[in-house]
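Note sheet for the following structure.
By convention here, the first residue in the shown sequence is residue 1.
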Amino acid sequence: MNAGELEARLLACVRCAACRETCPTYVISGRESATPRGRIALMLAEHRGEIPLDAEFQHHIDLCTGCRACEAACPSGVEYGVLLDHTRAKVRAARPRTGLPALVERLALHWLVPNRRRLRLAARLLRLAQRPALRWLIRAVLPPRLRTLEALAPALPPVPGSDAEPVAVAGPVRAQAAFFAGCVAAVALPAVDRATLQVLARAGCQVAVPAAQTCCGALHAHSGDREYARRLARRNIDAFPGDGPIVTNSAGCGAMLKEYAHLLADDPAYRERTGAFARRVQDVTEYLDRIGPPPLTRPLPLRVAIQDPCHLNHVQRIRQAPRRLLEAIGGLTLVEPAQGDLCCGAAGTYNLTQPAMAGALLAHKVEQIRATGATVLATANPGCYLHLQRGLAGAGVQVLHVVELLEEASRPC
């Protein structure tokens, strides 16, 4: 993005404040600098050389969850997500991480996350470290900052030895699709992948799981590491040849895959392919709503609150599909928490990098969910799932992915 284009995009914001009440960091802090229009004003001032790109500027940019609720509310069509990612990349170039933080980030995001074999090994080691006796010892020797991060790690289930396997279609094949498995979710929530593939098979969909796929690159792009995100994007485009649907159960991954055109806009070798690739990507709720769910023969007498992941609701603009699927389950009562559009604070690595604000958003969300009297919370994003599961521990509310409820309701009697 050249300087003129950037300024034009920044000036598209008319400071109308339509975004303000949709912004999670403003709702919690009440500060104008924590609104999208406030951050855009800072971006414009920095772009014009009126303020320095310093630690204070970075703090205001980093405090944004990237939920993009502002885009859905904006009457001027400001592409805030593009501006945010551009600015974070600029901050990263001007203020690069050094020392231990740089090493940890590189190991985690470059060496570990894109390689699911290494990720499975790391998950097994983490699961071993979560045994009570070892966890006590580890917490005793960790420095305070790392002890705080360790406490945020979810309790891991047994780690599968390989990626989720496609399930054979018992009856006539009605559709064909490829499954995008993601990275962290595949080891942290393997039951969600199994449920996804089972539900698709029962709906008559024959699924392939390409082995060459990798992390979608969202964690990298949203932290300013756009060049590495581009490398991952190219690998994924190559891993999914053809023109059939690409289905994912992760709202964050789906949003990123659908926006590869922004990421690879300056790549002549891939630029023309990104549009066709993005049109193939569908969230699993979007896809099942289109082709029809499997027969939902088993009633579930549950009171279920629904949570709208930001990257499903605000970025992909998918809101009704998960509701229609859940409402089709016999006996299920669907309820809407107050301020359901507000970010829960998971936001990729946000709950690790901004634990105070993420914790405040989580507490706010948990309060709204508990007020519904629901015993189950349905979501469609693994990051939200893990974050809310921690927040709702002990509250008598089970967190499930929409496909897990569909799998239970379609299970043969």
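The backbone N or O of Thr214 lies less than 3.5 Å from a partner atom in the side chain of Asn236, making a donor-acceptor pair. Under the 3.5 Å distance criterion, the side-chain polar atoms of Arg298 are left unmatched by any main-chain donor or acceptor of Ser410. Checked by atom type and distance alone, the side chain of Arg271 pairs as donor or acceptor with a backbone atom of Ala265 at under 3.5 Å. Side chain of Arg370 to main chain of Glu367: no donor-acceptor pair is present (N/O by atom type, distance under 3.5 Å, no hydrogens or angles). With Arg127 contributing its side chain and Pro157 its backbone, the two residues share a donor-acceptor pair below 3.5 Å. Remark: side-chain polar atoms of Gln213 are paired, donor with acceptor, to backbone N or O of Pro210 under 3.5 angstrom. Using modelled atom types, no side-chain atom of Gln198 and backbone atom of Ala195 make a donor-acceptor pair closer than 3.5 Å. Arg235 contributes no side-chain N or O that, together with a main-chain N or O of Ala212, makes up a donor-acceptor pair within less than 3.5 Å. Of the possible donor and acceptor atoms, one in the side chain of Thr65 sits under 3.5 Å from a partner among the backbone N and O of Cys67. Checked by atom type and distance alone, the side chain of Arg280 pairs as donor or acceptor with a backbone atom of Gly244 at under 3.5 Å.
Looking only at side-chain heavy atoms (C-beta outward), Cys253 and Phe180 come within less than 4.5 Å of each other. Proximity of Leu189 to Leu386: side-chain heavy atoms (C-beta onward) are separated by under 4.5 Å at one or more points. Considering only heavy atoms from C-beta on, Tyr287 comes within 4.5 Å of Pro245 through its side chain. Val192 is listed as a side-chain neighbour of Val403, based on a closest heavy-atom distance under 4.5 Å. Between Arg95 and Gln58, some side-chain heavy-atom pair lies under the 4.5 Å cut-off. For the pair Gln398/Leu377, no side-chain contact is recorded, criterion being any heavy-atom separation below 4.5 Å from C-beta on. The closest side-chain heavy-atom distance from His220 to Arg226 is not below 4.5 Å. Looking only at side-chain heavy atoms (C-beta outward), Val284 and Val199 stay at 4.5 Å or farther from each other.
Crowding of Asp266 atom CG: a count of heavy atoms from other residues, nucleotides or ligands under 6.0 Å not exceeding 12. Residue Arg131 places its CZ atom among 12 or fewer non-hydrogen atoms of other residues, nucleotides or ligands, all under 6.0 Å distant. Taking a 6.0 Å sphere around CZ of Arg317, one finds it holds more than 12 heavy atoms contributed by other residues, nucleotides or ligands.
Closest approach of Gly66 to Leu84, counting heavy atoms only: CA-CD2, 3.8 Å. Nearest heavy atoms, Val169 versus Ala201: CG1-O, 3.8 Å. In this structure, Met43 and Leu10 approach most closely via the heavy-atom pair CB-CD2, 3.7 Å. When all heavy atoms of Val159 and Ala123 are compared, the closest pair comes out as CG2-CB, 3.7 Å. In plain terms, the two heavy atoms of Ser76 and Val14 that are nearest each other are OG-CG2, 3.7 Å. Nearest heavy atoms, Ala360 versus Ile28: CB-CG2, 3.8 Å.
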Subject >> side-chain contact (heavy atoms from CB on, under 4.5 Å) between Asn381 and His311, worked out >> reply: CA-CA 9 Å; Asn381 187 57; His311 283 80; over 6 Å; no
**OP:** Apply salt bridge (charged side-chain N to carboxylate O under 4.0 Å, His left out) to Arg68 and Glu259, showing your working.
**Re:** CA-CA 13 Å; Arg68 291 166 64 178; Glu259 295 194 332; 2.7 Å; yes
Subject >> Stepwise side-chain contact (heavy atoms from CB on, under 4.5 Å) test for Asp85 and His262 >> reply: CA-CA 10 Å; Asp85 284 353; His262 286 307; over 6 Å; no
**OP:** Apply side-chain contact (heavy atoms from CB on, under 4.5 Å) to Val91 and Arg88, showing your working.
**Re:** CA-CA 5 Å; Val91 168; Arg88 284 181 168 164; 5.5 Å; no
Original post:
Hey, mind stepping through Thr285 and Asp283 against side-chain hydrogen bond (donor to acceptor under 3.5 Å, both in side chains) and telling me if it holds?
Top reply: CA-CA 5 Å; Thr285 63; Asp283 183 77; 2.5 Å; yes
**OP:** Before giving the answer on side-chain contact (heavy atoms from CB on, under 4.5 Å), spell out for Leu362 and Leu388 the whole-Å C-alpha distance, their side-chain angles and the decisive distance to 0.1 Å.
**Re:** CA-CA 7 Å; Leu362 178 61; Leu388 288 162; 3.9 Å; yes
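A salt bridge does not link Arg231 with Asp225: every distance from a Lys NZ or Arg NE/NH1/NH2 to an Asp or Glu carboxylate oxygen is 4.0 Å or more. For the pair Arg290 and Glu286, the salt-bridge criterion is not met [side-chain N within less than 4.0 Å of a carboxylate O]. A salt bridge is defined here as a Lys NZ or Arg NE, NH1 or NH2 lying under 4.0 Å from an Asp or Glu carboxylate O, and Arg234 with Asp267 meets this definition. For Arg92 and Glu105, the salt-bridge test passes: some basic side-chain N is under 4.0 Å from an acidic carboxylate O. A salt bridge links Arg319 with Asp308: at least one charged nitrogen is closer than 4.0 Å to a carboxylate oxygen. A salt bridge links Asp163 with Arg120: the closest approach of a Lys/Arg side-chain nitrogen to an acidic carboxylate oxygen falls below 4.0 angstrom. Taking a cutoff of 4.0 Å between a charged side-chain nitrogen and a carboxylate oxygen, Arg202 and Glu407 qualify as a salt bridge. Taking 4.0 Å as the cut-off between side-chain N and carboxylate O, Arg411 and Glu408 do not count as a salt-bridged pair. Arg230 has a carboxylate O that lies under 4.0 Å from a charged side-chain N of Glu227, or vice versa, which qualifies the two as a salt bridge. In summary, Arg37 and Glu32 engage in a salt bridge, as defined by a charged side-chain N under 4.0 Å from a carboxylate O.
From Leu264, atom CG reaches atom OH of Tyr270 across 8.5 Å, with rounding to the nearest 0.5 Å. For the atom pair CD of Glu46 and OG1 of Thr87, the computed distance is 7.5 Å after rounding to the nearest 0.5 Å. Separating the CD1 atom in Ile40 from the OG1 atom in Thr35 is a distance of 8.5 Å, to the nearest 0.5 Å. Taking CG from Leu63 and OH from Tyr26, the interatomic distance works out to 14.5 Å, rounded to the nearest 0.5 Å. From Asp238, atom CG reaches atom CZ of Phe277 across 9.5 Å, with rounding to the nearest 0.5 Å. To the nearest 0.5 Å, the span separating SG on Cys343 from NE2 on His364 amounts to 11.0 Å.
His110 and Tyr228 have their aromatic ring centers within a separation under 6.0 angstrom.
Looking only at atom types and distance, the side chain of Arg39 has a donor-acceptor partner in the side chain of Thr25 under 3.5 Å away.
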